[in-house]
Amino acid sequence: MKGLAQELGIVSPPAAVTEPDAEPHLRAADDTRYDPTPVEQKWAALWESDLTRYAPEPPTCGKPKYYVVEMLPYPSGALHMGHVRNYAIGDALARYMWMSGHNVLHPMGWDSFGLPAENAAIKHKRQPREWTLNNIAAMKAQMKRLGFSYDWSREIATCLPEYYRWNQWFFLKLFEKGLAYRKKSKVNWCPDCATVLANEQVVDGCCWRHEGTPVEQRELEQWSLRITNYSEELLQGLDKMEGWPERVRTMQRNWIGRSEGANVDFKLDGGTETKITVFTTRIDTIFGATSLQLAPQHPLVAELVGNDPAKLASLEQMLADQKKAREEGDIGSVDKKGFFTGHCAINPFNQERVPIWVANYILMDYGTGAIMSVPAHDERDFEFANKYGIEVRIVILPRRQQEPPEAGQPEQPVLPFVAEDSLLINSGPFNGMACEEAQKKMADFAEQNGFGKATITYRLKDWGISRQRYWGTPIPILYCEKCGLVPVPEDQLPVLLPENVEITLAGGSPLTRVKEFYEVACPRCGGTARRDSDTMDTFVDSSWYFYRYTSPINTAPFDSDIANYWFPMDQYIGGVEHAILHLMYSRFWTKFMRDIGLVKNDEPAQRLFTQGMVIKNGAKMSKSLGNVVSPDDMVARYGADATRLYTLFAAPPDRDLDWQDQGVEGVYRFLSRLYRFITENSVKMAAGEPREYDVAALAPGARNVLRKLHQTIQRITGDFQGRWHFNTSVAAMMELLNACMVKAELFAADSAAPKAFRAEVQRKMVLLLSPFAPYLAAELWTVLGEDANALLRHPWPIADPLLAKEDEVEIVVQFNGKLRQRLTVAHDAEDEAVRVTALNDEKVKEALAGKQIVKVIVVKNKLVNIVIKG
RNA sequence: GCCGGGAUGGCGAAAUCGGCAGACGCAGCGGACUUAAAAUCCGCAGACCAGAAAUGGUUGUGGGGGUUCAAGUCCCCCUCCCGGCACCA
């Protein structure tokens, strides 16, 4: 299969990864250190020529499948260290899985639509397509140089028609099922992007891409996807997703923001049938409602306010304040303001008249945009009521205060009093009920009498996907003068994005200016129609790309049978910044695909891993801070292996990593030592040569090295199967090498140690190294006379617990928990024997003189603690 | 305010089950090799006190309390840092 760039006919040759001459001091004439560049380039070239090297086997191979994906990058032009870290983690895991007998799928692709390409087009006068494809070529070259084990034959780029036509296909399916709909509404508009943003893309009132650019509210008609149809399932699913970090699950729960309550209709006083529906989570306090509060944008406000100039002015002011607060990002701290409309409504529970107010703290886009205000039992209502002198009526009391211990009035609770572990008072027929019971009974009562019902409200909103930009997937919809809205027939997909379009950030969607695209004949009536000129949010692209990897075919988004073999992903790896956006959208997409029969899984990924950021000098790497470390520079100086290994060694993968240039050097020194250790003492075994040897006959020094080897296998295998703390895996390899170097004579040419023993140590060291530093591993495997091409699927070494076990252990003797003496005893020695040994030790006896022993605690292989008095 | 995650030498960190705190590495110091340097190799190294030294003692995992023979680890309270949500009715 051809490579992607080839297939496309890349406009200019891929930018070579430049490897400037390394620092002179690293390459002195008699420098004995490992020079990674020629070695790594040799293997990179060999691996490049073998396109099926990292291809999975067919599902019938009988091996357990393992599907690991790292989040695909945006092709900005160059990899940064965060990418390297992300991919080094995934690559180590993929290689370990191959070696432990799995059928591994490990693909890579490009999230290649998006605004930066348009900005580059404006700034450098280059076409987004050309710019993007060149970036892909450059970054792919970097990835190959880094030695990642991707099956490039499955590479996808979301900006290509082969891919985005399926976005369009999905859109039509969503439209067919009523899950894609058009609505005119207030939307978030970023003036710098010159386009609309989804709610998820607004951070503190500003654009997620342009910190400090406040998002404006504009009234626009655009396409939305009904992700809210899945609110409940998206929420419920989180409980079962134990392979996902709690942090991400919590963030998604917060984002979905489910709250249980009830809608209640208040009729307008004055005989009309007009109703105001409020949403409340505390219907049990409805007898304490002393006003209704409407959001300034509430549709009824205009009618209630009429043309009273004072009220109109207040309303205007309120809207302006809200806008300002939103732009400053401190909505919560704004002073509560409001005014009485002059109208009242009727509380359906007690037929009381309650005044209707408009208040700036009521949000139109949550619940119904109207609330019943219960000042006694809600903090915000309390504050508002005090300011405007609205009645405060207590309708619940803490249980213990229901029957005062002494005569007299029950003690007043401190207001506002919100505890749900309370009982109702002043609530007519509901008096004496517990809050929880009342909530149910009152909602039922409302429903039976037709003025309300139990309701669940979510904070999650539908996903607005229209973008007024060029570089994205065209929305496959036409607007015909006669037929109205017409979906593009499926067999006419893809709707190709036109090329050579003039890009500006002004004047709405660039596509409206491309006549041959914009103006078309209606497929139904042949009359004049125009295309939807918006493109899709790029989060559509990334919502399903990992399915496409499994079978990039041209008759469907992917082959369902093959997808069902690989899905769910066993492991998904990426940055936590996608916790809500991408990870919520792709869960939604999976559920939709399941519902139309494309896949069987409910969730895309069994396990999710979110790696920490790479920072330097305590701050995120950025050009403006001048603290960016270029992977190319590191690769040129220390090699790909050392660069990757350092990203794993410097910190546990889930924590932020503070980059230190000298740290890479340390890891590089380790690789050099290992290189020298094996090349200078290499033990090659012939094909039929026996690999067995008598362990019991090994000299103590050799036995210690063998023990350390098996302990190292245990530790590294444990890290892969457990917490992924590869920093300790690397440390363990360093310890093993140190142990070998200390006993260098064991491996010298004239060594008395069995050849098979020496070979075993060297071979297993290389096997352990290979998931982390594949180039050096391949080189050393060859040095040992083995076939480096077979290394990828060579069985992972298995630790022998008997060989790993210590014969003797050092235990400590404590007096009341304080260390007093160290003793060496046999491993697993009987507690009683250890106790006797400890108590008979000269130093211990001396220290015990005149003291009374209260108790002696023996912990096997650890310590003896003597509890003394006096 | 609510939720989640953190705080361990000069620095990155380790200690996976309550049992020797500081593995491994960086930086540092001392030594070997070298005309010299680089590279490499060997050794020292939490802090404080005593000692010429070997060594001995005290103290020490953000702060305070508790449980325990024993706490970086478990419980309660507090401080600070990072992330998410936040006038969500």
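In the text below, chain A, chain B and the rest are named by the order of the sequence lines, each starting its count at 1. Because the structure is a prediction, the values reported are computed rather than measured.
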Asks: Does atom NZ (K387(A)) have a neighbourhood of more than 12 heavy atoms from anything else shown, all under 6.0 Å?
Replies: yes
Asks: Closest to the T250(A) side chain: A14(B), C85(B), G4(B)?
Replies: G4(B)
Asks: What is the nucleic acid contact for K843(A), judged by heavy atoms within less than 4.0 Å: base, sugar-phosphate only, or nothing?
Replies: sugar-phosphate
Asks: Under 4.0 Å, heavy atoms only, any strand: does P245(A) hit a base, just the sugar-phosphate, or nothing?
Replies: nothing
Asks: Output the single nucleotide from C85(B), U16(B), G19(B) whose closest atom is nearest the side chain of Q814(A).
Replies: G19(B)
Asks: Give the nucleotide from the list C85(B), C69(B), C87(B) with an atom nearest to the side chain of N254(A).
Replies: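 It is C85(B).
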Asks: When the distance from CD of E665(A) to P of A27(B) is rounded to whole Å, what number comes out?
Replies: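 About 7 Å, once rounded to whole Å.
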Asks: Using the C1' atom on both, measure G51(B) against C41(B) and round to a whole Å.
Replies: 32 Å
Asks: Tell me which nucleotide among C20(B), A13(B), A89(B) gets nearest to the side chain of A651(A).
Replies: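 For A651(A), the side-chain atoms sit closest to A13(B).
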Asks: Closest to the Q662(A) side chain: C69(B), C87(B), C26(B)?
Replies: C26(B)
Asks: Taking 4.0 Å as the cut-off, does a side-chain nitrogen or oxygen of N738(A) come that near to OP1 or OP2 on G25(B)?
Replies: yes
Asks: Is there side-chain contact between I283(A) and K440(A), with heavy atoms separated by less than 4.5 Å?
Replies: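 SC-SC contact between I283(A) and K440(A) ruled out.
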Asks: For E846(A), look at atom CD and say whether over 12 heavy atoms of other residues, nucleotides or ligands are found less than 6.0 Å away.
Replies: no
Asks: Using a heavy-atom cut-off of under 4.0 Å over every strand shown, decide if V812(A) touches base, sugar-phosphate, or nothing.
Replies: base
Asks: Does any nucleotide pair with G30(B) by Watson-Crick or G-U wobble geometry, both distances under 3.5 Å, and what is it?
Replies: C42(B)
Asks: May I ask you to evaluate whether K336(A) reaches the phosphate of C87(B), defined as a side-chain N or O under 4.0 Å from OP1 or OP2?
Replies: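 No, because none of the side-chain N or O atoms of K336(A) sits under 4.0 Å from OP1 or OP2 of C87(B).
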Asks: Classify R249(A) by what it touches in the nucleic acid, base, sugar-phosphate, or nothing, heavy-atom distance under 4.0 Å.
Replies: nothing
Asks: Are the side chains of R673(A) and L737(A) in contact, using a 4.5 Å heavy-atom criterion?
Replies: yes
Asks: Judged by each residue's nearest nucleotide on RNA chain B, which is more toward the 5′ side, D381(A) or M734(A)?
Replies: M734(A)
Asks: Rounded to whole angstroms, how far apart are CG on N727(A) and P on G25(B)?
Replies: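 That distance rounds to 13 Å.
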Asks: What is the separation between atom CD on Q721(A) and atom C1' on U16(B), rounded to the nearest whole Å?
Replies: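 Q721(A) atom CD is separated from U16(B) atom C1' by 13 Å.
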Asks: Can you tell me the Watson-Crick or wobble partner of C11(B), both distances under 3.5 angstrom?
Replies: G25(B)
Asks: Judged by each residue's nearest nucleotide on RNA chain B, which is more toward the 5′ side, A295(A) or N865(A)?
Replies: N865(A)
Asks: Contact class for I362(A) (heavy atom, under 4.0 Å): base, sugar-phosphate, or nothing?
Replies: base
Asks: Just wondering, more than 12 heavy atoms not from K461(A) lying within 6.0 Å of its NZ?
Replies: yes
Asks: Check the distance between C24(B)'s P and L648(A)'s CG and give it to me in whole angstrom.
Replies: 20 Å
Asks: In whole Å, what separates the P atom of C75(B) from that of G1(B)?
Replies: 23 Å
Asks: What contact category does E810(A) fall into here, base, sugar-phosphate, or nothing, at under 4.0 angstrom with non-hydrogen atoms?
Replies: base
Asks: For the C1' atoms, the ones on C11(B) and on G4(B), what distance do you get once it is rounded to whole angstrom?
Replies: 28 Å
Asks: Taking the side chain of M251(A) as its heavy atoms from C-beta onward, which of C11(B), G84(B), A39(B) lies nearest to it?
Replies: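 My answer, after comparing the listed nucleotides, is G84(B).
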Asks: Name the pairing partner of G62(B), where a pair is Watson-Crick or G-U wobble with both distances under 3.5 Å, or state none.
Replies: C78(B)
Asks: Rounded to whole angstroms, how far apart are CG on D654(A) and P on G6(B)?
Replies: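 Spelled out: CG on D654(A) to P on G6(B) is 8 Å.
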Asks: With respect to the side chain of T728(A), which nucleotide from A14(B), C87(B), C20(B) is positioned closest?
Replies: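 In terms of side-chain proximity for T728(A), the closest of A14(B), C87(B), C20(B) is A14(B).
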Asks: Between C69(B), C87(B), A13(B), which nucleotide has the shortest distance from any of its atoms to the side chain of V867(A)?
Replies: C69(B)
Asks: Please check the phosphate of A15(B) (OP1 and OP2 only) for any side-chain N or O of R715(A) closer than 4.0 Å.
Replies: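 The answer is no; no side-chain N or O of R715(A) sits under 4.0 Å from OP1 or OP2.
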Asks: Looking at the angle O4'-C1'-N9-C4 for a purine or O4'-C1'-N1-C2 for a pyrimidine, is C74(B) syn or anti, with syn meaning within 90° of 0?
Replies: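 Classified anti.
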Asks: Would you mind reading off the distance between L657(A) atom CG and G25(B) atom P, rounded to a whole angstrom?
Replies: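 Atom CG in L657(A) sits about 18 Å away from atom P in G25(B).
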Asks: For A15(B) and R723(A) - does any side-chain N or O of the residue sit under 4.0 Å from the phosphate oxygens OP1/OP2?
Replies: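 Affirmative; the distance criterion is met.
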Asks: With both distances kept under 3.5 Å, what pairs with C20(B), Watson-Crick or G-U wobble?
Replies: none
Asks: What's the closest nucleotide to the Y366(A) side chain, out of A89(B), C20(B), C85(B)?
Replies: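 Nearest listed nucleotide: A89(B).
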Asks: When the C1' atoms of A14(B) and U8(B) are considered, how many whole Å apart are they?
Replies: 10 Å
Asks: Could you tell me how far apart R673(A) (CZ) and G25(B) (C1') are, to the nearest whole angstrom?
Replies: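 The distance from CZ of R673(A) to C1' of G25(B) comes to 11 Å, rounded to the nearest Å.
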Asks: NA contact type, F649(A), heavy-atom cut-off 4.0 Å: base, sugar-phosphate, or nothing?
Replies: base
Asks: What do you reckon, is NZ of K860(A) surrounded by more than 12 foreign heavy atoms closer than 6.0 Å?
Replies: yes
Asks: Could you tell me whether the phosphate oxygens of G6(B), OP1 or OP2, come under 4.0 Å of any side-chain nitrogen or oxygen in R247(A)?
Replies: no
Asks: When both hydrogen-bonding distances must be under 3.5 Å and the geometry is Watson-Crick or G-U wobble, what is G1(B) paired with, if anything?
Replies: C85(B)
Asks: Is G56(B) in the syn range, within 90° of 0, or in the anti range?
Replies: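 Anti, angle beyond 90° from zero.
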Asks: Do Q252(A) and R587(A) have side-chain atoms, one donor and one acceptor, less than 3.5 Å apart?
Replies: yes
Asks: Centre-to-centre under 6.0 Å for F266(A) and F451(A), is that the case here?
Replies: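 Ring centroids of F266(A) and F451(A) are no less than 6.0 Å from each other.
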Asks: Rounding to a whole Å, what distance do you find between R655(A):CZ and A7(B):P?
Replies: 6 Å
Asks: Quick one: look up who G56(B) pairs with, Watson-Crick or G-U, both distances under 3.5 Å, and put none if it's unpaired.
Replies: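 Partner of G56(B): C49(B).
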Asks: Looking for any heavy atom pair under 4.0 Å, which part of the strands does G666(A) touch: base, sugar-phosphate only, or nothing?
Replies: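 Since only primed, P, OP1 and OP2 atoms lie under 4.0 Å of G666(A), the category is sugar-phosphate.
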Asks: Hey, does the Lys NZ or Arg CZ of K336(A) hover above the aromatic six-ring of F384(A), less than 6.0 Å from the centre and inside 45° of the axis?
Replies: no
